[in-house]
Student: 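Below are the structure tokens for one structure; questions will follow.
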Amino acid sequence: MLHQLKRFGSGARAAVNVVTSTLPIAIIGGLLYAGFFVKAEAVINKVEPKAVERRDNFFSVTAPSEQIAWAAGSGGKIVRSDDGGRTWQRQSAPTQENLQGIAAWDAQHAVVAGNHGVILYTADGGKSWKAGQVPKSDNPNKLFRVHIFDGVAWAVGEFGSLLRSDDKGATWTRAMEEKDRAWNDISFRGQNGWLVGEFGTVMRTTDGGATWTENELENKVSLMGVDFRDDQNGVAVGLTGTLLVTADGGASWREVPRLTREHLLDIAWDENRWVAVGDKGVMVTSDAAASEWKLGRISEGDVSWRTQITRAGNRYYVSGANLGVLEGGKLTIVGR
């Protein structure tokens, strides 16, 4: 019996030796199998970019109510605020083109226009943006501004682009033949309308835009913005600090002595005063009669170029090099 146990014991030791010698091979094989056939699940924490980033330029802003505002800018970016500019959310747009102008009928309906003739519209507050049907053109037709007057949307831009939409941005018609001249802004009061553009050009309509006549002005500096407070009184601004004033519905214009050589890019009638903004943070204001003009700044220390100023209740939105909210004399740069 003892002999048998010794015999079995030596066999057991041999078996242990075999197992021990093959164990490293088994481990290596298992590791190779895991490396080839077992895929690890990677955990990726996706970081969503901010709605407004430092690199963004915003060329236009609109505020259909005191709490709601939209802004449009570089790279097809559209953002919206529902709390008076305190927070902003990015909205998805089917374009990467720079968007130069934005306007809104109400909280649900808005339209944007930009480079290469791009026009987008929304009917659901910006949850979806769709391409408007725009007349075909062989020209690039960069669109600079879009405005809404009495429910009608107007877009202006390069090569004499003057487009009109009567169905909240879905379809557009050409309201003027194309020409090698850029229109930079448009304003309407009822059936009376005014166009301003390159080389100091001003055009006027008295029939709602069906026909237009050109004003011959001494000023040949490009005009960038125009607005009227009533049928007779209006102001146009332009490059190198140009200021033009009319008191006869645009039949004639007088030039105001320049307060600055900086470009003025937008003019707005602000209830009881005129406000113009432009390069290097300059702001020019005047009384209702447009007779006493003063040079100032949007905010001390801010030298950003500004393309538009829009009022909403007690606050102002300014667009350009960045998106800003001016309230109580304090300018807050969104995304900073």
Student: Do Gln308 and Ser60 meet the criterion of a side-chain donor-acceptor pair at a distance under 3.5 Å?
Tutor: yes

Student: Is there a path of hydrophobic side-chain contacts, each under 4.5 Å between heavy atoms of I, L, V, M, F, W or Y residues, that connects Leu217 with Leu239?
Tutor: no

Student: Any donor and acceptor pair, going by atom type alone, linking the side chain of Glu97 with main-chain N or O of Gly114 inside 3.5 Å?
Tutor: no

Student: Hey, is Arg204 close enough to Glu214 for a salt bridge, meaning N to O under 4.0 Å?
Tutor: no

Student: Under a 3.5 Å threshold, yes or no: a donor from one side chain and an acceptor from the other, between Asn322 and Ser304?
Tutor: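 Result is yes, a qualifying pair exists.
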
Student: Please lay out, stage by stage, how Lys294 and Val284 fare under the test side chain to side chain contact (heavy atoms under 4.5 Å, CB included).
Tutor: CA-CA 6 Å; Lys294 298 178 181 179; Val284 179; over 6 Å; no

Student: Residues two or more places apart in sequence or in another chain: which of them pass side chain to side chain donor-acceptor pair (under 3.5 Å) with Thr173?
Tutor: none

Student: Atom CG of residue position Asp207 - does it have more than 12 heavy atoms of other residues, nucleotides or ligands inside 6.0 Å?
Tutor: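 Atom CG in Asp207 is packed in, count exceeds 12.
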
Student: My understanding is that only residues two or more places apart in sequence, or in another chain, count here; which of them pass side chain to side chain donor-acceptor pair (under 3.5 Å) with Gln67?
Tutor: none

Student: Would you call Glu66 and Arg315 a salt bridge, taking side-chain N to carboxylate O under 4.0 Å as the test?
Tutor: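 No, this pair does not count.
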
Student: Quick one, Glu158 and Phe144 - any side-chain contact, counting heavy atoms below 4.5 Å?
Tutor: yes

Student: Salt bridge or not for Arg54 and Asp56, using N-O below 4.0 Å?
Tutor: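 Salt bridge flag = no for Asp56 with Arg54.
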
Student: Does the Asn139 side chain pair with the main chain of Asn141, one donor and one acceptor, at a distance under 3.5 Å?
Tutor: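 A pair under 3.5 Å: no.
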
Student: Any side-chain heavy-atom pair from Leu326 and Thr332 closer than 4.5 angstrom?
Tutor: no

Student: Would you say that Phe228 contacts Ile267 through its side chain, given a criterion of any heavy-atom pair below 4.5 Å between the two side chains?
Tutor: no

Student: Output, in order, the C-alpha distance, side-chain angles, deciding distance and verdict of side chain to side chain contact (heavy atoms under 4.5 Å, CB included) for Trp70 and Val79.
Tutor: CA-CA 6 Å; Trp70 270 290; Val79 296; over 6 Å; no

Student: Would the number of heavy atoms belonging to other residues, nucleotides or ligands and lying under 6.0 Å from CZ of Arg55 be above 12?
Tutor: no

Student: Can a donor-acceptor pair be found, under 3.5 Å and without considering hydrogens, that links the side chain of Asp270 to the backbone of Arg273?
Tutor: no

Student: I'd like to check the salt bridge (charged side-chain N to carboxylate O under 4.0 Å, His left out) partners of Glu300; sequence neighbours left out, ordered by chain and number.
Tutor: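 Testing Glu300 for salt bridge (charged side-chain N to carboxylate O under 4.0 Å, His left out), a comparison that skips the adjacent residues, returns none.
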
Student: Could you walk me through whether Gln100 and Asn115 pass the side chain to side chain donor-acceptor pair (under 3.5 Å) test, one step at a time?
Tutor: CA-CA 7 Å; Gln100 307 283 348; Asn115 292 9; 2.9 Å; yes

Student: Can you tell me if CD on Gln133 sees more than 12 non-hydrogen neighbours from other groups inside 6.0 Å?
Tutor: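 Counting other residues, nucleotides and ligands, CD of Gln133 stays at 12 neighbours or fewer.
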
Student: Can you confirm whether Ile309 sits close enough to Tyr317 that some side-chain heavy atom of one is under 4.5 Å from a side-chain heavy atom of the other?
Tutor: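 When only atoms from C-beta onward are counted, Tyr317 and Ile309 do not touch, as no gap falls below 4.5 Å.
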
Student: Please lay out, stage by stage, how Phe188 and Trp154 fare under the test ring pair (Phe, Tyr, Trp, His ring centres under 6.0 Å).
Tutor: CA-CA 10 Å; Phe188 267 92; Trp154 296 85; 4.9 Å; yes

Student: What distance do Leu99 atom CG and Leu120 atom CG have between them, rounded to the nearest 0.5 Å?
Tutor: 6.5 Å

Student: Please examine the side chains of Phe59 and Ser319, heavy atoms only from C-beta on, and report whether any two atoms are closer than 4.5 Å.
Tutor: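 When only atoms from C-beta onward are counted, Phe59 and Ser319 do not touch, as no gap falls below 4.5 Å.
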
Student: With side chain to side chain donor-acceptor pair (under 3.5 Å) as the criterion, how do Ser81 and Arg86 come out once you've worked through the C-alpha distance, each side chain's angles and the decisive distance to 0.1 Å?
Tutor: CA-CA 7 Å; Ser81 174; Arg86 288 186 289 275; over 6 Å; no

Student: With the 4.5 Å side-chain cut-off for hydrophobic clustering, are Val235 and Leu264 part of the same group?
Tutor: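 They do share one cluster, since a chain of ILVMFWY contacts under 4.5 Å joins Val235 to Leu264.
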
Student: Under 4.5 Å between any side-chain heavy atoms of Val277 and Leu265, yes or no?
Tutor: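 In short, these two side chains do not touch, never coming nearer than 4.5 Å.
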
Student: Check whether the side chains of Gln91 and Trp129 place a donor and an acceptor atom closer than 3.5 Å, and report yes or no.
Tutor: yes

Student: Go through the steps for Glu178 and Ser137 under the test side chain to side chain contact (heavy atoms under 4.5 Å, CB included), then give the verdict.
Tutor: CA-CA 9 Å; Glu178 291 183 297; Ser137 174; 2.6 Å; yes

Student: Using 4.0 Å as the upper bound for N to carboxylate O, is an ion pair formed by Asp166 and Arg164?
Tutor: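 Looking at Asp166 together with Arg164, the answer is yes, because their closest N to O distance falls below 4.0 Å.
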
Student: May I ask you to say whether Asp185 pairs ionically with Arg145, meaning some side-chain N is under 4.0 Å from a carboxylate O?
Tutor: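 Salt bridge present between Asp185 and Arg145.
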
Student: Answer yes or no: are there more than 12 heavy-atom neighbours, outside Asp138 itself, under 6.0 Å from its atom CG?
Tutor: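 Check fails, neighbour count at 12 or below.
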
Student: I'd like to know if the side chain of Thr122 pairs up with that of Asp124 as donor and acceptor (distance under 3.5 Å, no hydrogens or angles considered).
Tutor: yes

Student: For the residue pair Val112 and Ile78, establish whether any side-chain heavy-atom pair is separated by less than 4.5 Å.
Tutor: yes

Student: Backbone N or O of Gly234 within a donor-acceptor pair of the Arg229 side chain at under 3.5 Å?
Tutor: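 Answer holds: no.
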
Student: Between Arg181 and Glu198, is there a salt bridge with N-O shorter than 4.0 Å?
Tutor: no

Student: Would you say Val282 ends up clustered with Trp274 if hydrophobic residues are merged whenever their side chains have heavy atoms under 4.5 Å apart, either directly or through other cluster members?
Tutor: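 Same hydrophobic cluster.
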
Student: Quick one: does His109's side chain get under 4.5 Å of Tyr121's, heavy atoms only?
Tutor: no

Student: Would you say Thr206 and Asn192 are linked by a side-chain donor-acceptor pair, where the criterion is simply a distance under 3.5 Å?
Tutor: no

